[in-house]
Novice: 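Just passing along the structure, written as structure tokens.
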Amino acid sequence: MNKKNKIVLNNNIFMVKLILKCCPERLIGEILMQLFETMTSLFMSVVFIEHVFYAIENHESFYGIVKFIVMSVIFLILVQLYKSYYSNVVSPRGNQKLYEKMNRIMFDKVNDVELECYENPKFYKKYTKAASQTKGTALKIIDTLSRMIANTAGFLYVLIKLFIIDKLAVVIAVVPCVAIYYIQKKINKINYEFDMENIEQQRKKEYINRAIYQGEYAKEIRLSNIHKVLFKKFDEANKEMLANIDNYGWKFIKLATGQGLLSGVFLYMIYNVYSIVRLLLLKNITLSGFIILANLMAQLNSDMGMFSSLFARLSGYSRYINNLREFLNYKPKISQSQTGENICWDAENENTIEFRNVNFSYNSSKKVLDNINFTIKKGEKIALVGHNGAGKSTLVKLLMRLYDADSGQILANNKDIKVYNVKNYRSLFSCVFQDYKVLAMTAAENVLMGEFDDKDRDTVEESMKISGIWQKISSFKNGINTMLTKEFDKGGEVLSGGEMQKIAIARMYAKNSEIAVLDEPSSALDPVAEYDMYNSMMRACEDKTVIFISHRMSSAVLADRIILLENGRIVESGSHAELMKKDGQYAKLFEMQAAGYKGEYK
């Protein structure tokens with residue numbers, strides 16, 4: 001077996017194992033279904049005709065013929081009942097179970113890969129390919145494999161019967177199928193290339209569809225001319241896909257026409273001519289023998305052609321399965337399931353986190369963090385400040401091990417954080433990111449970020465009170481059980497930007513971890529709400545470590561220590577009083593903002 005065929009075989013075996021793991025009854029049921037289909041076809045085209053004609057030629061009783069016909073009808077009715085039950089009950093239920101289990105496998109894998117993968121276009125493209133093709137390819141594999149098994153069973157029956165009747169007929173029926181097989185392989189190759197050409201354009205169209213129909217873009221689209229740009233890009237993607245259709249269409253037409261003529265016209269003419277020669281010229285078969293011979297040759301050719309076509313399809317599906325295999329076999333650099341030590345964060349330990357000579361860049365580009373050195377002590381309140389792109393959010397991502405440093409170390413209790421169990425280490429942190437999302441779930445589930453049980457009610461309500469969203473949520477008819485957004489519930493409530501941010505902040509309090517991390521937690525809040533939020537946070541996190549990023553220097557005043565970053569480097573560090581006394585960059589930024597608030601800065 002050559003390397004290419006071995007890959008095809010391994011890919012298809014991989015997919016079959018995945019299907020059997022997710023829903024074995026779907027594959028088994030389809031095999032039975034196809035076997036019944038084959039049995040029915042052979043019965044009608046060979047067995048039934050052979051029996052009836054033989055009975056007539058041998059002058060058997062009319063009653064015997066009628067009895068056989070009635071039994072045949074009963075058999076066909078029973079087969080049809082099973083087919084209807086399978087098609088309308090067993091198959092749809094199996095599909096749903098298959099989709100559910102396969103999606104779960106995909107979800108688990110997506111959840112396991114590191115954050116870097118989402119920001120890597122090559123990996124994201126592979127993921128979208130795998131996600132878009134998984135379900136469809138699985139069903140195609142089930143259909144194709146089942147047909148191959150049933151087809152093989154039918155082929156062996158016809159081959160043996162034809163071999164007994166006429167050995168030369170076997171040769172005439174088999175030889176042309178080789179050409180049909182190679183034509184089908186060519187069709188599959190072109191079909192794959194066509195699909196791959198269209199994936200990028202399809203992604204663009206789907207993105208534009210989401211942008212136009214989703215509410216989060218509605219205001220910008222209506223208050224600008226960006227819709228013209230979107231429509232233009234949509235049209236360009238559509239034209240590209242139409243061009244692909246034109247480009248590949250003629251290739252498909254030539255191959256499909258050649259295959260159709262070969263299998264549907266040319267071969268049937270040969271079979272009929274050969275059977276007629278035996279009946280009329282050689283006169284070595286009866287009329288019933290002529291009909292059976294013609295039918296068997298046609299059936300053998302049909303089975304061979306079908307087998308060749310199905311085998312070539314499996315070769316074509318292999319390319320799609322390869323995308324899925326590569327995605328599922330990807331070994332994350334930072335796996336959610338990575339085992340290791342459990343971190344001890346208690347009174348017996350120093351409970352510190354140290355950045356030691358840390359450097360980091362995205363995809364080997366310009367350094368985002370450059371030789372970062374500082375230590376976070378238990379209970380300390382630290383503010384990270386600086387211009388956009390200074391590296392503040394990246395530093396926080398490294399702290400929570402969403403990324404690993406290119407060089408240097410991050411130590412927790414004097415041990416490299418890489419030695420700790422990833423989930424256990426991350427459990428130290430409660431986070432509020434600047435790109436927070438409110439999900440189409442209840443307010444309670446959004447705060448807990450998990451299933452809600454009545455025993456969690458006090459935690460949810462207290463967290464909402466501290467974050468300042470309780471008054472709003474409690475005013476709703478269903479309180480904390482109110483569905484947020486109208487995605488799945490017309491009676492759902494839509495919160496303002498500031499209110500959604502308070503939900504995100506409530507999550508941090510509900511988790512109640514040792515270290516609170518907030519990335520621009522007040523960006524959507526008005527000044528009064530911001531003031532209340534910070535005061536509440538400092539009271540609620542009095543005995544906890546707090547790290548927050550803020551562009552508002554008035555908030556940084558509350559921190560025990562302020563770290564100013566610029567171009568990925570720490571340029572100043574100290575308390576507000578110390579940095580103001582130093583009269584460096586922080587002092588200038590603070591005075592600039594203060595003057596702006598007073599309307600004095602020009």
Side-chain angles (χ1 to χ4, degrees), residues 14 18 102-134 321-343 345 353-374 376 384 389-431 433-437 449 513 515 517 519 547 549 565 568:
F14 170 84
L18 186 61
M102 283 197 161
N103 277 329
R104 184 57 187 268
I105 290 170
M106 292 291 288
F107 293 161
D108 288 344
K109 187 64 183 184
V110 169
N111 191 47
D112 196 40
V113 301
E114 65 272 14
L115 191 64
E116 180 183 349
C117 292
Y118 289 89
E119 296 167 358
N120 182 334
K122 186 177 179 180
F123 182 91
Y124 189 71
K125 187 175 181 179
K126 189 177 293 295
Y127 160 59
T128 54
K129 280 182 182 179
S132 65
Q133 296 157 3
T134 300
I321 298 168
N322 202 55
N323 292 328
L324 177 64
R325 279 189 77 182
E326 286 185 16
F327 175 71
L328 292 180
N329 290 336
Y330 172 75
K331 302 296 182 187
K333 298 173 186 174
I334 310 171
S335 173
Q336 278 275 87
S337 55
Q338 179 184 317
T339 57
E341 296 180 29
N342 286 337
I343 189 166
W345 199 269
I353 296 180
E354 178 188 357
F355 279 68
R356 185 181 293 175
N357 304 320
V358 170
N359 295 280
F360 179 77
S361 61
Y362 292 101
N363 299 321
S364 302
S365 58
K366 178 184 175 183
K367 277 188 181 180
V368 179
L369 295 176
D370 186 3
N371 197 34
I372 299 296
N373 290 277
F374 74 101
I376 304 166
L384 301 175
K392 305 182 295 297
S393 295
T394 301
L395 189 149
V396 164
K397 290 175 183 175
L398 265 65
L399 171 66
M400 293 181 288
R401 212 183 165 210
L402 295 174
Y403 288 86
D404 278 334
D406 296 339
S407 61
Q409 286 182 299
I410 302 174
L411 308 172
N413 287 343
N414 299 314
K415 288 185 178 180
D416 194 311
I417 61 174
K418 293 178 183 178
V419 306
Y420 294 118
N421 177 292
V422 170
K423 283 187 177 180
N424 176 259
Y425 173 72
R426 288 178 182 167
S427 69
L428 284 178
F429 303 94
S430 298
C431 313
F433 295 106
Q434 59 181 319
D435 54 352
Y436 60 88
K437 297 293 180 185
M449 291 303 282
S513 297
I515 303 173
V517 178
D519 188 349
I547 302 162
I549 297 171
L565 287 100

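Positions are given from 1 along the sequence.
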Novice: Before you tell me yes or no, could you show the steps for Asp519 and Tyr436 under side chain to side chain contact (heavy atoms under 4.5 Å, CB included), namely the whole-Å CA-CA distance, both residues' side-chain angles and the distance that decides it to 0.1 Å?
Specialist: CA-CA 10 Å; Asp519 188 349; Tyr436 60 88; over 6 Å; no
Novice: Glu326 pairs by side-chain hydrogen bond (donor to acceptor under 3.5 Å, both in side chains) with which of Asn322, Asn323, Asn329?
Specialist: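 The side-chain hydrogen bond (donor to acceptor under 3.5 Å, both in side chains) with Glu326 is passed solely by Asn322 among Asn322, Asn323, Asn329.
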Novice: Does some side-chain heavy atom of Ile376 sit less than 4.5 Å from a side-chain heavy atom of Leu399?
Specialist: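 Yes; the side chains approach each other to less than 4.5 Å.
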Novice: Report the residues that fulfil side-chain contact (heavy atoms from CB on, under 4.5 Å) with Asn359, sequence neighbours left out, ordered by chain and then residue number.
Specialist: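 Once residues adjacent in sequence are excluded, the partners of Asn359 under the side-chain contact (heavy atoms from CB on, under 4.5 Å) criterion are Lys367, Asp370, Asn371, Ser407.
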Novice: For Ile515 and Ile353: C-alpha separation, side-chain torsions, deciding distance, then whether side chain to side chain contact (heavy atoms under 4.5 Å, CB included) applies.
Specialist: CA-CA 11 Å; Ile515 303 173; Ile353 296 180; 3.6 Å; yes
Novice: Would a 4.5 Å heavy-atom cut-off, applied to side chains only, mark Val358 and Leu395 as touching?
Specialist: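 Of all side-chain heavy-atom pairs linking Leu395 with Val358, none is under 4.5 Å.
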Novice: How far does CG of Asp112 sit from CG of Leu328, to the nearest 0.5 angstrom?
Specialist: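 Rounded to the nearest 0.5 Å, the CG-CG separation comes to 11.0 Å.
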Novice: Using a distance-only test with no angle check, is there a side-chain donor-acceptor pair under 3.5 angstrom linking Thr394 and Tyr362?
Specialist: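 Side chains of Thr394 and Tyr362: pair found under 3.5 Å.
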Novice: Could you walk me through whether Asp108 and Arg104 satisfy the side chain to side chain contact (heavy atoms under 4.5 Å, CB included) test, starting with their C-alpha distance in whole Å, then the side-chain angles of each, then the deciding distance to 0.1 Å, before giving a yes or no?
Specialist: CA-CA 6 Å; Asp108 288 344; Arg104 184 57 187 268; 3.3 Å; yes
Novice: Walk me through it: do Lys418 and Arg401 pass the test side chain to side chain contact (heavy atoms under 4.5 Å, CB included)?
Specialist: CA-CA 8 Å; Lys418 293 178 183 178; Arg401 212 183 165 210; 3.7 Å; yes
Novice: Can you tell me how far apart CE (Met400) and CD1 (Ile334) are? Round to the nearest 0.5 Å.
Specialist: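 With rounding to 0.5 Å, CE (Met400) is 11.5 Å from CD1 (Ile334).
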Novice: Can you name the closest pair of heavy atoms from Asp404 and Lys333 and give their distance?
Specialist: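 In this case the closest contact between Asp404 and Lys333 is OD2-O, 4.5 Å.
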Novice: Could you label the plane-to-plane angle of the Phe360 and Tyr403 rings as parallel, tilted or perpendicular, counting under 30° as parallel and over 60° as perpendicular?
Specialist: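 Ring orientation of Phe360 relative to Tyr403: perpendicular.
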Novice: Roughly how far apart are Ile321 CD1 and Phe14 CZ, rounded to 0.5 Å?
Specialist: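 Rounded to the nearest 0.5 Å, the CD1-CZ separation comes to 8.5 Å.
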Novice: Does some side-chain heavy atom of Ile410 sit less than 4.5 Å from a side-chain heavy atom of Phe355?
Specialist: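 Counting from C-beta outward, Phe355 and Ile410 do come under 4.5 Å.
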Novice: Picking from Asn424, Ile417, Asn421, what satisfies side chain to side chain contact (heavy atoms under 4.5 Å, CB included) with Ile343?
Specialist: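 Only one option passes, and that is Asn424.
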Novice: Quick one: does Ser513's side chain have a donor or acceptor within less than 3.5 Å of a partner on Ser427's backbone?
Specialist: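 Answer holds: yes.
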